[in-house]
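Here is the structure we will look at, set down as structure tokens.
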2 protein chains.
Amino acid sequence: METRGGYAQFCPVAMAAEVLCTRWTPLLVRELIAGSTRFNDLRRGVPRMSPALLSKRLRELEQAGIVERFDGSGSGVQEYRLTSAGLDLRGIVEGLGNWGQRWVETQLSLKNLDPSLLMWDMRRNLDTTPLPSRRCTIQFLYPELPAARQNWWLLIEPSHGDEPMRETDLCSSDPGFEVDLYVESDLRTMTAIWMGFTTVANELRTDQLRITGQPRLRESMQRWLGLSPFAKGKGPPRSS
Amino acid sequence: METRGGYAQFCPVAMAAEVLCTRWTPLLVRELIAGSTRFNDLRRGVPRMSPALLSKRLRELEQAGIVERFDGSGSGVQEYRLTSAGLDLRGIVEGLGNWGQRWVETQLSLKNLDPSLLMWDMRRNLDTTPLPSRRCTIQFLYPELPAARQNWWLLIEPSHGDEPMRETDLCSSDPGFEVDLYVESDLRTMTAIWMGFTTVANELRTDQLRITGQPRLRESMQRWLGLSPFAKGKGPPRSS
DNA sequence: CAGTATCCGATGCGATACTG
DNA sequence: CAGTATCGCATCGGATACTG
């Protein structure tokens with residue numbers, strides 16, 4: 001007798017749940033929807049998932065017709081892209097996120113802090129329009145964390161001509177550029193801002209957040225720092 | 001080290017997936033949304049789920065603030081009702097169902113036939129308005145099935161005054177009333193009709209479906225038999 | 001970098017039986 | 001009817017190491 005097989009129900013909810021509702025899968029799909037295409041980029045979005053399992057899930061999604069794999073630009077680099085069926089999952093993942101944001105205790109969310117995840121998410125949703133067009137380097141500090149996770153650098157490359165999309169990089173070791181802005185807070189505060197539970201202004205006021213550096217960058221932080229795609233009444237997870 | 005705990009991510013998708021994406025849970029929620037409130041009614045919607053697990057899931061959902069349990073009408077009968085947070089899951093479950101209907105191979109759906117589930121679902125979605133206001137008894141026959149699952153009776157109680165909602169019952173043993181309509185087909189055909197993959201008229205034409213009894217009931221079958229809630233958006237948008 | 005191979009423990013969950 | 005108790009196994013998946 002098969003244990004733990006499918007649901008053996010013709011109901012479409014069952015068919016969908018069978019592929020989608022296994023461990024890590026919704027988060028992986030979220031990461032794909034958000035625009036990551038390469039193995040190690042995906043890993044950054046689901047840091048505690050083992051590579052073996054990630055690989056397995058990707059194969060499952062491929063087989064389910066949700067993901068397509070192909071060689072990215074020749075050099076043997078694999079890329080994973082959502083198929084139409086996969087893209088069509090966006091509404092469901094958004095639904096999950098919105099539901100979570102609405103109904104799960106804020107306190108509970110803020111029990112699961114993770115700087116790498118936060119920074120990776122922030123990097124993806126940066127709004128570079130308020131930024132000067134030269135290269136910007138913004139350093140984040142979380143003094144309460146162990147040394148290896150205290151410092152993060154967000155690099156926004158110079159804008160080329162009228163290309164609107166600027167390259168951004170996230171580093172956890174000093175890239176060596178002069179820093180334009182320092183942002184310091186505890187991880188919980190920064191995460192709460194990101195989630196839309198509070199604001200930059202608010203936390204500056206109570207000194208939970210300290211910013212030093214170029215006034216222009218400082219003033220516009222609430223704008224260039226995006227918000228989580230699920231922060232109150234916000235739109236879909238932005239892709240790239 | 002904890003194995004298989006939560007995701008430890010602050011992302012709301014993770015928070016939601018943690019409660020919702022465990023085995024059987026989406027189907028259980030579907031059943032609750034569909035209106036079942038009592039333990040054994042819920043069981044009929046998820047027949048292959050063990051009572052122990054059902055009980056466990058209900059407790060989990062209760063703890064997650066999705067379900068509320070209380071005494072139904074005094075007699076110690078427990079009822080399970082969705083809270084506001086639970087009702088708010090409707091969009092997600094519908095999303096899953098619509099996605100499944102659109103993207104999972106029809107053939108695959110029709111591999112998982114289950115007469116009790118089909119009949120239970122049909123009973124719930126009957127449209128009684130085309131039916132005469134006296135009691136109606138409709139018998140379904142699936143000749144290819146083992147004896148115990150061949151025969152099903154749908155009882156639609158007489159309508160009282162202008163009460164629009166009529167009591168309906170599903171029996172798998174002869175209730176003894178005179179039968180107004182016999183419907184005979186293989187289970188696959190009936191399921192396909194229910195899912196919106198084909199129509200009553202179509203299957204009558206090819207003799208996959210045989211109906212005998214009162215002409216009025218026979219003619220209106222496509223109407224009084226509802227359709228699966230997911231039948232609307234059917235058909236994968238072919239990769240045209 | 002992009003994964004695969006192997007190992008193995010915990011546990012999810014299926015089956016069955018039992019209680020008020 | 002409405003569940004709870006118990007058992008046991010398979011499998012899920014975490015950790016680690018290894019390969020092209």
Side-chain angles (χ1 to χ4, degrees), chain A residues 1-9 14 17-28 31-32 36-62 67-81 169-172, chain B residues 1-9 14 17-28 31-32 36-62 67-81 169-172:
Chain A
M1 178 124 290
E2 70 170 345
T3 46
R4 203 71 160 286
Y7 294 118
Q9 285 200 188
E18 223 159 286
V19 260
L20 207 63
C21 295
T22 54
R23 187 155 167 80
W24 289 111
T25 308
L27 298 188
L28 174 54
E31 205 51 26
L32 285 159
S36 300
T37 62
R38 313 206 355 206
F39 197 83
N40 281 309
D41 283 350
L42 291 168
R43 285 194 73 178
R44 303 184 77 165
V46 284
R48 327 203 354 153
M49 186 180 190
S50 81
L53 187 55
L54 174 54
S55 171
K56 182 179 173 202
R57 286 287 183 268
L58 284 170
R59 259 178 282 122
E60 289 168 1
L61 289 174
E62 192 182 1
V67 158
E68 258 169 357
R69 170 199 317 234
F70 52 93
D71 284 329
S73 56
S75 58
V77 192
Q78 292 282 355
E79 301 217 346
Y80 301 89
R81 289 266 163 75
D169 276 317
L170 171 65
C171 311
S172 56
Chain B
M1 177 124 293
E2 70 172 345
T3 46
R4 202 72 159 284
Y7 294 118
Q9 285 200 189
E18 222 161 286
V19 260
L20 206 64
C21 294
T22 55
R23 188 158 167 75
W24 288 112
T25 309
L27 298 188
L28 174 53
E31 204 53 27
L32 285 159
S36 299
T37 61
R38 314 211 347 210
F39 197 83
N40 281 309
D41 283 351
L42 290 168
R43 286 196 73 179
R44 303 185 77 165
V46 282
R48 325 201 356 155
M49 187 181 192
S50 82
L53 186 55
L54 174 54
S55 172
K56 183 180 174 204
R57 285 287 182 267
L58 284 169
R59 260 178 282 124
E60 290 168 0
L61 289 175
E62 192 182 0
V67 157
E68 258 170 357
R69 169 199 315 236
F70 53 93
D71 284 329
S73 58
S75 57
V77 192
Q78 292 282 356
E79 302 217 345
Y80 301 88
R81 291 267 163 74
D169 275 318
L170 171 64
C171 310
S172 56

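Sequence lines set the chain letters: A, B, ... in the order given, protein chains first and strands last, and positions in each chain run from 1.
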Partners meeting side-chain contact (heavy atoms from CB on, under 4.5 Å) with A:S172 (sequence neighbours left out): A:W152
N/O donor-acceptor pair under 3.5 Å between A:E18 side chain and A:Y7 backbone: yes
Atom-pair distance (CG on B:L54; C1' on D:dA5), nearest Å: 16 Å
Any A:W24 side-chain nitrogen or oxygen under 4.0 Å from OP1 or OP2 of D:dG14: yes
Under 4.0 angstrom between A:R48 side-chain N/O and D:dA15 OP1 or OP2: no
Salt bridge (charged side-chain N to carboxylate O under 4.0 Å, His left out) involving A:E62 - partner list, sequence neighbours excluded: A:R69
Any protein N or O atoms within reach of nucleotides 2-4 of chain D? Criterion: under 3.5 Å, listing atom names and distances.
{"residue": "D:dA2", "atom": "OP1", "partner": "B:R38", "partner atom": "NE", "Å": "2.7"}
{"residue": "D:dA2", "atom": "OP1", "partner": "B:R38", "partner atom": "NH2", "Å": "2.5"}
{"residue": "D:dA2", "atom": "OP2", "partner": "B:N40", "partner atom": "ND2", "Å": "3.2"}
{"residue": "D:dG3", "atom": "OP1", "partner": "B:Y80", "partner atom": "OH", "Å": "3.0"}
{"residue": "D:dG3", "atom": "OP2", "partner": "B:Y80", "partner atom": "OH", "Å": "3.2"}
{"residue": "D:dT4", "atom": "OP2", "partner": "B:S55", "partner atom": "OG", "Å": "2.0"}

Separation of D:dT11 P from A:R23 CZ (nearest whole Å): 19 Å
Contacts of type side chain to side chain donor-acceptor pair (under 3.5 Å), residue A:Q9, not counting sequence neighbours: none
Audit row: A:L32, A:L42, side chain to side chain contact (heavy atoms under 4.5 Å, CB included) steps and yes/no: CA-CA 7 Å; A:L32 285 159; A:L42 291 168; 3.8 Å; yes
With sequence neighbours excluded, residues passing ring-ring contact (aromatic ring centres under 6.0 Å, His included) with A:F39: none
Whole-Å gap separating P (C:dC7) and CG (A:L53): 19 Å
Between C:dT16 (C1') and B:M49 (CE): distance, integer Å: 17 Å
Nucleotide D:dT11, atom C1' - distance to CZ of A:R57 in whole Å: 11 Å
Those residues that, when tested against A:R59, pass salt bridge (charged side-chain N to carboxylate O under 4.0 Å, His left out) (two or more places apart): none
Residue list, salt bridge (charged side-chain N to carboxylate O under 4.0 Å, His left out) with B:R57, at least two apart or on another chain: B:E60
Distance, rounded to the nearest Å, where B:Y7 contributes OH and D:dG13 contributes P: 8 Å
Contacts of type side-chain contact (heavy atoms from CB on, under 4.5 Å), residue A:N40, not counting sequence neighbours: A:R43
Dot-bracket notation for DNA chain D, counting Watson-Crick and G-U pairs under 3.5 Å, with | for partners on another strand: ||||||||||||||||||||
